[in-house]
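What follows is a set of notes on a single structure, which appears directly below.
Model, not experiment: these values are computed from the prediction.
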Amino acid sequence: MDTMQTRREPRPLMYDPAEEDDAIYETRSRTSTRRYRSNPPTRERNTRDDVMIDRKAVPQRRRSGQTREMPMVEVPVRESRDLKRERPKAKKGNPALLIMVIGMACTVLLIIGMSTLASWWHVYQDDLHYGRPRTSQFDAVVGHNDSAQNKTHFVIINLNRRIQIIEIPGGDPSKSRMFTGPSLVGDGQDLTPAWGEAKDVNGDGKPDLIVHVLDQQFIFLNDGSTFHQQH
């Protein structure tokens with residue numbers, strides 16, 4: 001006998017949302033009603049500057065439909081003690097010493113300036129009186145074919161630091177004679193003037209020739225017809 005087996009149709013499961021247990025799901029509150037716990041402000045002490053500094057809590061996140069506003073936090077500012085220390089002021093110099101140094105410098109410059117001016121003025125005066133090369137002239141009666149009407153003419157020249165004496169007896173150039181005087185040594189000696197005079201030195205009644213150079217005298221003795229330098 002054949003056994004007939006019938007196939008049972010599966011019964012569809014009916015899902016009822018009301019019977020679902022919400023406890024098995026992890027739920028979260030809606031963002032529109034979400035609350036954030038704010039941390040209480042903390043206060044710390046700055047031991048260096050002895051200032052209480054407030055640590056403000058993290059600002060809350062804005063809620064839906066609200067604009068975000070950042071609170072203005074006023075933090076006390078105190079300068080460091082090191083910054084408050086005044087820098088040492090530079091010591092001022094002694095004004096009296098400075099004035100004395102300036103006065104000494106001015107005095108030295110004044111002395112140098114006056115010395116330079118005096119030297120220039122002396123050379124300028126010699127240029128006016130003696131010219132260049134330095135030349136001087138005079139007339140005298142020395143007994144060399146001369147007379148009171150026709151005196152002997154003398155010309156003394158410093159030519160390249162060498163003193164030259166020219167005698168023109170009785171004013172006659174054809175009888176002119178030249179005598180060589182001393183040589184001058186040193187810088188600027190070519191501008192040293194020389195001048196002469198006729199005067200009896202040895203007491204023989206004849207005028208002798210005396211040549212002056214600075215503070216020195218050079219004597220040329222008269223023998224009645226010419227001159228000879230005294231040694």
Side-chain angles (χ1 to χ4, degrees), residues 92-231:
K92 297 182 179 179
N94 189 351
L97 179 60
L98 180 60
I99 293 174
M100 183 177 66
V101 172
I102 294 175
M104 293 177 62
C106 293
T107 303
V108 172
L109 293 177
L110 182 61
I111 293 174
I112 294 175
M114 293 298 294
S115 176
T116 304
L117 181 61
S119 177
W120 172 84
W121 179 255
H122 181 71
V123 173
Y124 176 72
Q125 292 295 322
D126 287 344
D127 289 341
L128 294 178
H129 289 88
Y130 302 101
R132 295 195 184 192
R134 298 292 190 246
T135 304
S136 63
Q137 306 178 51
F138 72 97
D139 296 328
V141 178
V142 294
H144 298 172
N145 299 321
D146 54 7
S147 62
Q149 292 75 23
N150 298 312
K151 297 181 179 180
T152 300
H153 187 72
F154 294 92
V155 179
I156 303 174
I157 304 174
N158 179 357
L159 185 61
N160 297 325
R161 294 180 294 183
R162 183 76 176 182
I163 304 300
Q164 305 287 341
I165 302 104
I166 301 174
E167 178 191 5
I168 305 176
D172 186 0
S174 61
K175 299 179 181 179
S176 298
R177 290 177 289 202
M178 179 177 291
F179 306 95
T180 302
S183 297
L184 307 180
V185 180
D187 296 335
Q189 293 299 321
D190 55 328
L191 298 178
T192 301
W195 59 279
E197 61 177 338
K199 183 179 180 182
D200 187 9
V201 176
N202 54 5
D204 60 356
K206 303 180 182 67
D208 302 312
L209 177 62
I210 304 174
V211 177
H212 300 272
V213 180
L214 295 177
D215 56 348
Q216 296 181 353
Q217 294 181 356
F218 301 93
I219 300 175
F220 293 81
L221 298 177
N222 186 1
D223 62 0
S225 60
T226 188
F227 293 100
H228 303 277
Q229 185 172 3
Q230 185 181 30
H231 297 288

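Salt-bridge check for R162 with D190: failed, with every basic side-chain N at 4.0 Å or more from each acidic carboxylate O.
Distance check, rounded to the nearest 0.5 Å: CZ of R134 to CG of L159 gives 13.0 Å. Separation of atoms NZ (K199) and CG (N222) is listed at 15.5 Å; rounding is to 0.5 Å. Separation of atoms NE2 (H212) and CD1 (I219) is listed at 9.0 Å; rounding is to 0.5 Å. Summarising the geometry, atom CD belonging to E197 is positioned 9.5 Å from atom CD1 belonging to I156; distances are rounded to the nearest 0.5 Å. In this structure, the separation between NZ on K175 and CD1 on I168 is 13.0 Å, given to the nearest 0.5 Å. To the nearest 0.5 angstrom, L214 atom CG is 6.0 Å from Q189 atom CD.
Taking every heavy atom of both residues into account, Q229 and T180 meet most closely at OE1-O, 3.7 Å. Nearest heavy-atom pair across F154 and A140 is CE1-CB, 4.4 Å. Nearest heavy-atom pair across I165 and L209 is CG2-CD2, 3.8 Å. Residues K206 and D204 share a closest heavy-atom pair of N-OD1, 3.1 Å. Across P207 and A198, no two heavy atoms sit closer than the pair CB-CB, 4.3 Å.
Between Y124 and W120, the ring-plane angle classifies as parallel under the 30° and 60° cut-offs. The aromatic rings of F220 and F179 lie tilted to each other, with the angle between the two planes from 30° to 60°.
Side-chain contact between F227 and R177: absent, with no pair of heavy atoms (C-beta onward) separated by less than 4.5 Å. Counting only heavy atoms from C-beta outward, the side chains of D172 and N145 never approach each other to under 4.5 Å. When side chains are defined from C-beta on, V142 counts as touching E167, because their heavy atoms get closer than 4.5 Å. For the pair D223 and S225, the minimum side-chain heavy-atom distance is below 4.5 Å.
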Check step by step if side-chain contact (heavy atoms from CB on, under 4.5 Å) holds for L191 and D126. CA-CA 8 Å; L191 298 178; D126 287 344; over 6 Å; no
Please walk me through it: do T192 and V213 pass side-chain contact (heavy atoms from CB on, under 4.5 Å)? CA-CA 7 Å; T192 301; V213 180; 4.2 Å; yes
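Looking at D146 and T152, their side chains do bring a donor and an acceptor atom within 3.5 Å of each other.
Atom CG of N160 is surrounded by 12 or fewer heavy atoms from other residues, nucleotides or ligands within 6.0 Å. By the 6.0 Å contact criterion, NE2 on H122 is open, its count of non-hydrogen atoms from other residues, nucleotides or ligands being 12 or less.
Counting only distance, with no hydrogens or angles, the side chain of D208 and the backbone of V201 share a donor-acceptor pair below 3.5 Å. Judged purely by atom type and a 3.5 angstrom limit, S119 has no side-chain atom pairing as donor or acceptor with the backbone of S115.
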